2 protein chains.
Amino acid sequence: MSIATVSRIINGTAKVSPERKDAVEAAIAKLNFRPNAAARGLALGKSNTIGVITQAIDSPFYGEGLRGIEDYLQQRGYTALFMSGNWDEQDEERCMAELLSRRVDGIIIFSGRLQDRQLASYAKQVPLVVSGRSLKAPNIFSLQVDDERGAWLATRHLIELGHRRIAFIAGILDHPDASLRFKGYRRALADAGIAHDPKLVVPGDFHEEGGVEATLRLLKSGNKFSALFCVNDQTAYGACLALHRSGLNCPRDVSVVGFDDLHSSSYRVPPLTSVRQSIRVLGESSGAAMLQMLQGEQPDISLPQVELIVRESTAAPAKE
Amino acid sequence: MSIATVSRIINGTAKVSPERKDAVEAAIAKLNFRPNAAARGLALGKSNTIGVITQAIDSPFYGEGLRGIEDYLQQRGYTALFMSGNWDEQDEERCMAELLSRRVDGIIIFSGRLQDRQLASYAKQVPLVVSGRSLKAPNIFSLQVDDERGAWLATRHLIELGHRRIAFIAGILDHPDASLRFKGYRRALADAGIAHDPKLVVPGDFHEEGGVEATLRLLKSGNKFSALFCVNDQTAYGACLALHRSGLNCPRDVSVVGFDDLHSSSYRVPPLTSVRQSIRVLGESSGAAMLQMLQGEQPDISLPQVELIVRESTAAPAKE
DNA sequence: CTGAAAGCGCTTACAG
DNA sequence: CTGAAAGCGCTTACAG
C-alpha cells in the first residue's frame with residue numbers, strides 16, 4: 001500500500017476499499033501517527049494558521065478578544081498563532097516577519113503602532129484584518145469600535161445625572177482610541193450646552209497607574225469636578241483608588257465611569273459603570289472577516305453597537 | 001548561483017565570497033524574501049516552536065505567565081504557540097494533538113485536567129514542562145508553586161491580627177491547588193491551636209461569581225467569622241463585592257485575603273492583601289526548563305518563595 | 001480504487 | 001568556496 005493511499009484515507013479524499021481503510025486506521029491508532037502539519041502545509045501551500053498580533057498577550061482588555069478569535073477559528077479548522085506587539089513598532093515588525101515566514105494564511109492585528117502605509121504594504125503579501133482603526137486598502141479589512149459614540153453615551157449619562165463639572169482622564173496622546181473618546185466627551189458636553197474646560201482633561205496611560213496619578217493631579221489642581229470619565233476601565237480602577245486614598249467616596253463624592261466593561265468591572269466595589277464594547281465579539285468578527293477574505297469574499301461584518309452599562313459608581317452629584 | 005549557496009548565506013553556515021553575499025542580501029531585501037519556516041522545519045526536523053497549553057488564553061492569572069514564556073523564548077529564537085485547554089480534558093487532548101501534529105519541539109502545560117498517566121505517555125513523544133503539579137516521569141519536568149506555604153502565610157497573618165473565626169472559600173474540589181491551599185489553611189489554624197470548623201469552609205469556583213455566592217452562603221449560614229481567606233484573588237474580589245452588597249465593610253467588619261496577587265489586586269478598593277507567587281517568573285522558568293531539556297540537560301530550575309503582600313483588606317477584628 | 005512520480009522550499013553531506 | 005543531489009513528509013495530477 002502506498003503512502004498516497006494513506007494520505008487519501010486520512011483526508012477522505014478518494015474512495016478506498018473498506019478493508020484497506022480499516023487496516024490503515026488501525027495502524028494509525030497503533031503507531032500514534034499524526035500527519036506532519038509542516039509537510040502538509042508545504043505541499044498544500046497553506047498553513048491553516050492565522051497570525052494574531054495583540055499588544056500584550058496578557059492584556060485584560062484584549063484577552064477576551066483573543067479568546068473569541070481562538071474559539072471561532074478552532075471550530076473551523078484553523079489555529080491562531082498569538083504574538084505580543086508590545087505597543088512597539090519594532091516589535092510589531094518582528095511579529096509580522098515571524099508570521100510571514102511561517103506562511104500564516106492571514107493576520108489579524110489588534111490596534112498597535114504600525115503605520116497605515118506599512119500595513120498596506122504587508123497586505124500585498126497576506127490578507128489583513130485590523131481593529132482599532134479605519135483603513136481602506138486592498139486586502140485589508142478594518143473593524144472599528146464606535147469609540148466616539150461610547151464616550152458620548154458615558155458623558156451624557158453623567159450629564160443626565162446632573163453633573164456639570166466632568167473631568168476626563170485621557171489615554172496616550174497619539175492613540176486613536178483616546179482621541180475618538182475625547183471627541184465623544186466634548187460632543188456630549190457641547191450637546192448639553194456645557195462649556196468644555198481644558199483644565200479638567202488630563203493625560204493617563206491606559207493603565208491603573210496613570211489613572212491614579214491623573215486623579216491625584218486633578219484633585220491637587222483645585223479645579224472642582226463631581227464626575228470623572230476615564231478613557232478605559234483600567235484607568236477608572238486607578239481613579240477609584242486615588243479617590244479612596246484621598247478620603248473621597250465613589251460615587252458619593254465623585255462619580256466614575258470607565259470604558260471597555262472588563263469582566264472584573266462588575267465585581268469592583270462599587271461595581272463600575274462602563275461602556276461595553278464586546279471585545280469577544282470583536283475577536284469573533286475578526287476571525288469571521290478573515291475567513292471570508294480567505295474565501296475570496298469581501299467581508300460583510302459589522303460590530304454590535306456600544307452600550308452603556310450603568311452600575312453603582314455613578315450617582316447624582318451631592319447637593320452643596 | 002545555487003539555492004544551496006543562498007541557504008548558506010542566510011544561515012551564515014559557510015564562508016561565502018563577499019560579492020555573492022552582497023548580491024544575495026540585496027536580492028533578499030529587494031524581493032522581500034523570507035525563508036519558509038515550514039520547509040526549514042521539515043528539513044531540519046525541528047520547528048523552533050514551543051507549544052503552550054494554558055487553560056484560558058485570557059486568564060488574568062496565567063496571562064502574566066504566558067507573557068513570561070513568550071519573552072523568554074523569543075529572545076532565544078523560539079516562538080510560543082498558545083492554546084486554551086478550557087479546563088477540559090477533551091480540549092486539552094485536542095490541543096496536544098494539534099501541537100504534536102505541528103511538531104513543536106516541546107510543550108509547556110499550565111495546570112489542567114490531563115491525568116499524570118496521560119502526560120507520561122505524551123512525554124514519550126515530546127518533552128514536557130508542567131506546572132501546578134508534581135509529577136516525576138521521564139522527559140517531564142514539573143514546577144510547583146508552594147501553595148501550602150502560601151496559604152499558611154495568609155492564614156497566619158489573619159491569626160496574628162487577632163482573628164479566630166477564619167472562613168475559607170475553596171476552589172473546585174478535585175483541584176490540586178485548592179487542596180494544597182486548604183491544607184495550608186488548616187495547618188496554620190492547628191499551629192495556633194485554633195480548632196478547625198468545617199462549617200467555615202465553603203466551595204467556590206476560582207472565579208468572582210463563586211466568591212460572591214460562597215460569601216453570601218457563609219453570611220446566611222449564621223456562622224460567625226471575622227476574616228475570609230480566599231483560594232485566589234478572583235474569588236476574593238467576589239467576596240468583597242458580596243460583603244459590600246450585604247452592607248459590610250472590608251476590612252472593618254471582615255478581613256479578606258486572596259492568593260495570586262494579580263496585578264489589579266493592588267488597585268482594588270481597598271487594595272487586597274494577597275499571597276504573591278510571581279506567575280511571570282513561573283512562565284520564564286518554564287521556558288528556561290524547556291530549553292534546558294531541549295539541550296539534553298536535566299533542568300535545575302526552582303521557583304522563588306511565595307510571599308505575603310499585606311495591603312488594606314486586612315485589619316484587626318472589631319472589638320465586640 | 002491505487003501506485004509511481006513530481007513537487008512544495010529548505011538543508012546538508014558529498015564532491016569538486 | 002560552491003553546485004548537484006538526496007531527503008524531510010506530505011499531496012495530487014497522471015496513469016493504470
Side-chain angles (χ1 to χ4, degrees), chain A residues 1-51 77-79 81 96-106 124-126 294, chain B residues 1-51 77-79 81 96-106 124-126 294:
Chain A
M1 176 162 21
S2 74
I3 56 170
T5 304
V6 174
S7 167
R8 287 189 270 248
I9 291 176
I10 290 178
N11 296 302
T13 212
K15 287 236 173 297
V16 178
S17 66
E19 314 85 75
R20 291 192 114 90
K21 191 156 180 245
D22 291 350
V24 168
E25 286 175 346
I28 287 178
K30 176 134 174 269
L31 302 175
N32 226 287
F33 174 78
R34 290 172 215 282
N36 181 319
R40 189 156 201 280
L42 235 203
L44 254 28
K46 66 180 305 239
S47 60
N48 274 301
T49 306
I50 303 296
Y78 282 82
T79 111
L81 176 52
M96 289 296 299
E98 177 66 31
L99 259 15
L100 289 170
S101 119
R102 285 175 180 259
R103 301 297 188 270
V104 295
D105 300 327
K124 288 174 192 150
Q125 306 179 58
V126 67
L294 259 22
Chain B
M1 178 162 22
S2 75
I3 56 170
T5 305
V6 174
S7 167
R8 287 190 269 248
I9 291 176
I10 291 178
N11 296 302
T13 211
K15 287 237 174 295
V16 178
S17 66
E19 311 86 77
R20 290 190 114 90
K21 190 158 180 240
D22 291 351
V24 168
E25 286 175 347
I28 287 178
K30 177 133 173 269
L31 302 175
N32 227 289
F33 172 79
R34 289 172 216 284
N36 181 318
R40 190 157 200 280
L42 236 203
L44 255 28
K46 65 180 304 240
S47 60
N48 274 302
T49 306
I50 303 296
Y78 283 82
T79 111
L81 176 52
M96 289 297 299
E98 177 68 30
L99 259 14
L100 288 170
S101 120
R102 285 174 181 258
R103 301 296 189 270
V104 295
D105 300 327
K124 287 173 192 152
Q125 306 179 59
V126 66
L294 259 23

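Convention: sequence-line order gives letters A, B, ...; per-chain numbering from 1. Small disclaimer: the values here were computed from a predicted structure and weren't measured.
Atom CD1 in Ile10(A) sits roughly 15 Å away from atom C1' in dT12(D) (whole-Å rounding). For the pair Ile3(B) CD1 and dT12(C) C1', the computed distance is 12 Å after rounding to whole Å. Straight-line distance from the CZ atom of Arg103(B) to the P atom of dC10(C): 20 Å, rounded to whole Å. In this structure, Leu44(B) atom CG and dG9(C) atom P are separated by 17 Å, rounded to whole Å. Whole-Å rounding puts the Arg40(B) CZ to dC10(D) P distance at 20 Å. In this structure, Asn36(A) atom CG and dC10(C) atom P are separated by 16 Å, rounded to whole Å. For the pair Phe33(B) CZ and dG9(C) C1', the computed distance is 8 Å after rounding to whole Å. When rounded to the nearest whole Å, the span between NZ of Lys46(B) and C1' of dT11(C) equals 14 Å.
A donor-acceptor pair is defined here as one N or O able to donate and one able to accept, closer than 3.5 Å; no such pair exists between the side chain of Asp105(A) and the backbone of Ile50(A).
With a 4.5 Å cut-off on side-chain heavy atoms, Leu81(A) and Leu81(B) count as touching. In this structure, the side chains of Arg40(A) and Asn11(A) come closer than 4.5 Å at one or more pairs of heavy atoms.
OP1 or OP2 of dT11(C) has at least one side-chain nitrogen or oxygen of Ser7(B) nearer than 4.0 Å.
Distance from the side chain of Asn11(A) is smallest to dT11(D) among dT11(C), dT11(D), dG9(C). For Thr5(A), the side-chain atoms get nearest to dG3(C) when compared with the rest of dG3(C), dC10(C), dC10(D). Side-chain proximity of Leu42(B) to dC10(C), dC10(D), dG9(C): nearest is dG9(C). The side chain of Ala43(A) approaches dC10(D) more closely than any other nucleotide in the set dT12(D), dT12(C), dC10(D).
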Give each protein N/O atom lying under 3.5 Å from an N/O atom of nucleotides 13-15 of chain D, with the pair distance.
from	atom 1	to	atom 2	distance (Å)
dA13(D)	N6	Arg8(A)	NH1	3.2

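One side chain, Thr49(A) or Arg102(B), offers a donor N or O that lies under 3.5 Å from an acceptor on the other.
Only the C1' atoms considered, dT12(D) is 16 Å distant from dG16(D), to the nearest whole Å.
Rounding to the nearest 0.5 angstrom, the gap separating the CZ atom in Arg103(A) from the CG atom in Asn48(A) is 15.5 Å.
With a 3.5 Å ceiling on both atom-pair distances, dA4(D) lacks any Watson-Crick or G-U wobble partner. In this structure, dA13(C) makes no Watson-Crick or G-U wobble pair, since no nucleotide meets both defining distances under 3.5 angstrom.
Nearest heavy-atom pair, Val24(A) versus Ile9(A), reported as atom, atom and distance to 0.1 Å: CG2-CD1, 3.4 Å. Considering all non-hydrogen atoms of both residues, Val104(B) and Ser47(B) come closest at CA-OG, 3.4 Å.
A residue-by-residue look at Ala38(B) and Thr13(B) shows that Ala38(B) has its nearest nucleotide of DNA chain C further toward the 5' end.
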